[in-house]
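These notes concern the structure reproduced below.
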Amino acid sequence: MRILVTGGAGFIGSVIAASLIEAGHEVVVLDDLRYGHCAAVPAGAGFVKASVEDASAVMAAFRETSFDAVVHLAGEASVGESALDPGRFYTVNLQGGINVLEGMRCTGVERIIFSSTASIFGEPDRIPITETNSQKPINAYGETKLAFEKALKWYRRSFGIRHVSFRYFNACGATATHGEDRVKETHLIPILLQVVLGIRPEITLFGTDYPTPDRTCVRDYVHVADIAQAHLLGLDRIDELEEAAYNLGSGTGNSNLEVIETARKVTGHPIPVKIGDRRPGDPAVLVAGSDLAREVLGWDPQYAHIEQMVQSAWDWRSNFPDGYPK
Ligand code: UDP
């Protein structure tokens with residue numbers, strides 16, 4: 001297939017783009033490089049420097065190349081930022097997504113895989129979180145991702161555009177060639193590695209008064225290579241799938257303190273911690289039930305333990321301490 005990967009210069013997008021190429025697909029990456037890196041775009045992929053906010057640039061990309069499918073990842077993804085600037089999340093995550101759908105509609109592209117998030121569930125009514133949990137986001141990030149999931153349903157009904165949404169829990173880890181490198185880092189594991197590398201003096205732990213065993217938030221970490229595997233399976237089956245949304249997590253919860261301890265063990269660094277206030281918009285516990293992806297798609301994640309995931313992130317960071325060439 002010839003596939004447009006929006007956000008394909010970012011962390012998860014670049015790993016997916018590389019996996020698609022490895023599987024024999026043709027890939028064009030569309031990315032504005034606001035968060036992504038030119039050097040992360042895999043060899044062999046075409047590249048269009050454009051933002052999904054720019055409707056005419058998106059349309060031009062669709063007119064330039066005839067695509068069989070889209071993998072749509074481009075978007076704003078920081079929970080903390082979404083509390084500070086919700087409008088931007090609507091502009092990029094919802095309107096940007098609509099621009100992509102309109103490009104598809106006008107050029108007859110009928111398949112899209114969407115990068116969604118555990119944040120669509122908000123404070124979960126049940127753990128593990130399955131696809132049948134209620135969807136009540138508690139931050140603008142989750143709200144805008146959910147809004148786009150709903151838009152997909154209407155584009156399917158009106159125009160026959162087939163979609164699969166993958167709700168990633170906490171994507172992490174790295175491959176030999178691709179890892180996490182953001183200008184303004186907000187995620188737990190890469191921040192811990194920045195402390196190890198001396199880029200930050202300490203980590204601020206956001207909240208120690210949650211209703212969890214060690215009073216810190218619990219998250220479900222899932223390796224980026226396993227996320228990429230799910231996308232390949234989804235693309236293979238998209239024409240026949242009934243279920244259109246799948247949760248992707250390892251099914252194991254790790255508290256923030258456990259992740260910090262794991263990073264200390266993997267890196268051999270003491271990693272000083274400062275206790276801070278809760279971060280607005282953070283649910284206490286997010287752990288996935290991913291049976292549907294396993295049963296329907298045959299998803300078979302290879303990374304089960306947080307230690308393997310942190311180790312792979314650390315291996316990449318050790319090989320590329322400055323991240324991607326800028
Ligand atoms: N976190 C933290 N300090 C940081 C960054 C993150 O304590 O500097 C916590 C955050 O509050 C959350 C967990 O780590 O409980 C995972 O946050 P991250 O931003 O990595 O992913 P999210 O769960 O928001 O997608």
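Predicted model only: the values in this text are computed from it and were never measured. Whatever order the structure lists ligands and atoms in, that order sets their numbers, starting from 1.
- Of the candidates Lys184, Arg88, Lys145, Glu76 forms a salt bridge (Lys or Arg N to Asp or Glu O under 4.0 Å) with just one, namely Arg88.
- For Arg200, the side chain to side chain donor-acceptor pair (under 3.5 Å) partners two or more places apart in sequence, or in a different chain, are Gln194.
- Ligand 1 is surrounded by Val79, Asn170, Thr186, His187, Leu188, Ile191, Ile203, Thr204, Leu205, Phe206, Cys217, Arg219, Tyr221, Asn256, Arg279, Asp282, each with at least one heavy atom closer than 4.0 Å.
- Looking at residues two or more places apart in sequence or on another chain, you find no side chain to side chain donor-acceptor pair (under 3.5 Å) involving Asp85.
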Enumerate, atom names and distances included, each donor-acceptor pair closer than 3.5 Å involving a side-chain atom of residues 115-122, sequence neighbours excluded.
from   : atom 1 : to     : atom 2 : distance (Å)
Ser116 : OG     : Glu149 : OE2    : 2.6
Thr117 : OG1    : Ser119 : N      : 2.9

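- There is a side-chain donor-acceptor pair under 3.5 Å between Glu185 and His187.
- If you run side-chain hydrogen bond (donor to acceptor under 3.5 Å, both in side chains) between Thr144 and each of Asn139, Asn93, Thr91, only Asn93 comes through.
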